[in-house]
**Q** 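Could you have a look at this structure, given as structure tokens, before my questions?
It should be emphasised that the depicted structure is a prediction, and the values quoted were computed from it without experimental measurement. In each ligand, atom 1 is the first atom listed, and ligand 1 is the first ligand listed. Heavy atoms only: backbone and side chains are in, while hydrogens, waters and symmetry mates are out.
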Amino acid sequence: MSPRHILILGGTTEARELATALTTHPGVRVTTSLAGRVSRPGAVEGEVRIGGFGGAEGLADWLRAEQVDAVVDATHPFAESITANAARAATATGVPTVVLRRPGWRPGPADRWHEVASLDEAAALLPSLGHRVFLTTGRLGLAAFAHLADLRFLVRSVDPPEPPMPPHTEVLLARGPFTVTDETALLREHRIDVLVTKDSGGAATSAKLTAARHLTLPVVVVRRPPPPAGTQAVPDVAGALERLGLSP
Ligand code: NAP
């Protein structure tokens, strides 16, 4: 009997952990798909393919050609297009699809969060909150802040960002996980007075929120886009394995 083929739509810590867990199951072939956005992706167990499929139809074709038995959409909560494509390809092919989404972050009583719906809203709010900004929303969304010439930005990303970006921008290339001690030191060293983040969730990058709380800094949090209609996401790798009918 040919092995059960599972496609993971990846690019997250959870996708990598799921690939590791699945490769221990005999009779399972696991392929992780990456968009190819970062120059040096972390190591992933099992097979890896890189690059877009060519929309929902391209993904559906790939599922048929590669005889995929199940898909796990473990992409980032803000990767809206691939998630929508995965839902459409699942409908077109009938291949069962599990959505794995790490839970979002929640503010505590001591947090000074300002929740917004988009990067544009974050940019509109910023001048009223501070002048020295720590921006951790990823290297691809800097255009929304490019007109803010009076503010100073510290931008952290895995790969170098490309213009347009604000004129007073310092770039810090780094990949999580980050510790509270290091994040606090970074905020102090750069005299940051406001932090901007997406609600990515997860432990790898949450230390900046704790550090901001300790320093009583305001935080602008971009809310997640809604999941596709009818989606019932699982919050972790164990939940995904259970949905796939496999033990952890
Ligand atoms: P996106 O806007 O949802 O996707 C844009 C296009 O990129 C998709 O239509 C698809 O092209 C291709 N694509 C995206 N993810 C893919 C994957 N895993 N495998 C193959 N093709 C993929 O995605 P994004 O926000 O640019 O994110 C790209 C990747 O980076 C995702 O895999 C995501 O998990 C990861 N990531 C994103 C963020 C974020 O903040 N958005 C943060 C960390 C990691 P085709 O239509 O040609 O198939």
**Q** Inspect the contact between Arg223 and Glu121 and indicate whether a charged nitrogen and a carboxylate oxygen are less than 4.0 angstrom apart.
**A**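 A salt bridge is absent here (no side-chain N lies under 4.0 Å from a carboxylate O).
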**Q** What protein heavy atom is closest to atom 2 (O) of ligand 1, reported as residue, atom name and distance in Å?
**A** Ser81 OG, 3.7 Å
**Q** Can you list the ligand 1 atoms lying under 4.0 Å from a non-hydrogen atom of Ser33?
**A**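 Matching atoms, with element in brackets: 17 (C), 18 (N), 19 (N), 20 (C).
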**Q** Hey, which atoms in ligand 1 end up nearer than 4.0 Å to a heavy atom of Gly51?
**A** 20 (C), 21 (N)
**Q** Contact between Asn85 and ligand 1, counting heavy atoms under 4.0 Å?
**A** yes
**Q** Quick test of your reading of the model: are Arg16 and Glu45 salt-bridged, counting only N-O distances below 4.0 Å?
**A**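 Here Arg16 does not pair with Glu45 in a salt bridge, since their nearest N and O are not under 4.0 Å apart.
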**Q** Taking Arg132 first and then Asp193, would you say they form a salt bridge - that is, a charged N and a carboxylate O separated by under 4.0 Å?
**A** no
**Q** Name the option, out of Gly10, Gly11, Ala79, that contains the heavy atom nearest to atom 32 (O) of ligand 1.
**A**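 Checking each option, the heavy atom nearest atom 32 (O) of ligand 1 is found in Gly10.
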**Q** Considering heavy atoms of the protein only, find what lies nearest to atom 16 (C) of ligand 1 and give residue, atom and distance to 0.1 Å.
**A**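 Nearest protein contact, heavy atoms only, for atom 16 (C) of ligand 1 is Ala35 CB, 3.5 Å.
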**Q** Which atoms from ligand 1 have a heavy atom of Glu80 less than 4.0 Å away?
**A**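 So the atoms of ligand 1 that pass are 3 (O).
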**Q** Report the part of Arg37 in contact with ligand 1, treating N, CA, C, O as backbone and CB onward as side chain, heavy atoms under 4.0 Å; options are side chain, backbone, both, neither.
**A** side chain
**Q** Can you sort out which atoms of ligand 1 are near Gly52, meaning under 4.0 Å from one of its heavy atoms?
**A** 11 (O), 21 (N), 45 (P), 47 (O), 48 (O)
**Q** Quick one: does Leu142's side chain get under 4.5 Å of Phe153's, heavy atoms only?
**A** no
**Q** Starting from atom 10 (C) of ligand 1, find the nearest protein heavy-atom neighbour and note its residue, name and distance.
**A**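 For atom 10 (C) of ligand 1, the nearest protein heavy atom is Ile82 CD1, 4.0 Å.
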**Q** Is there side-chain contact between Leu59 and Leu7, with heavy atoms separated by less than 4.5 Å?
**A** yes
**Q** Please report the shortest heavy-atom distance between Ala123 and Leu148, naming the atom on each side.
**A**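 In terms of heavy atoms, the two residues are closest at O-CD1, 3.7 Å.
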**Q** With a cut-off of 4.0 Å, which atoms of ligand 1 are near a heavy atom of Gly55?
**A** 45 (P), 46 (O), 47 (O), 48 (O)
**Q** Hey, does Lys198 come in under 3.5 Å of ligand 1, counting only N/O atoms on both sides?
**A**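 Right, the criterion is met.
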**Q** Does Asp69 pair with Arg29 as a salt bridge, N-O distance under 4.0 Å?
**A** no
**Q** Just distances here: any N/O of Phe53 and N/O of ligand 1 closer than 3.5 Å?
**A**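 In this structure, Phe53 places an N or O atom under 3.5 Å from an N or O of ligand 1.
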**Q** What atoms in ligand 1 come closer than 4.0 Å to a heavy atom of Gly54?
**A**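 Those of ligand 1 that fall under 4.0 Å from Gly54 are 45 (P), 47 (O), 48 (O).
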**Q** Return the closest protein heavy atom for atom 37 (C) of ligand 1 as residue, atom name and distance.
**A**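 Its nearest protein heavy-atom neighbour is His76 CB, 3.4 Å.
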**Q** Taking all heavy atoms of Ala211 and all of Leu187, pick out the closest pair and write down the distance.
**A** CB-CD1, 3.7 Å
**Q** What are the two closest non-hydrogen atoms of Ala60 and Ala92, and how far apart are they?
**A**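 It is CB-CB, 4.5 Å.
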**Q** Got an N/O contact under 3.5 Å between Thr83 and ligand 1?
**A**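 Such a contact does not occur with ligand 1.
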**Q** Are Pro77 and Asp199 side-chain neighbours, meaning at least one heavy-atom pair lies under 4.5 Å?
**A**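 Not touching, per the 4.5 Å side-chain cut-off.
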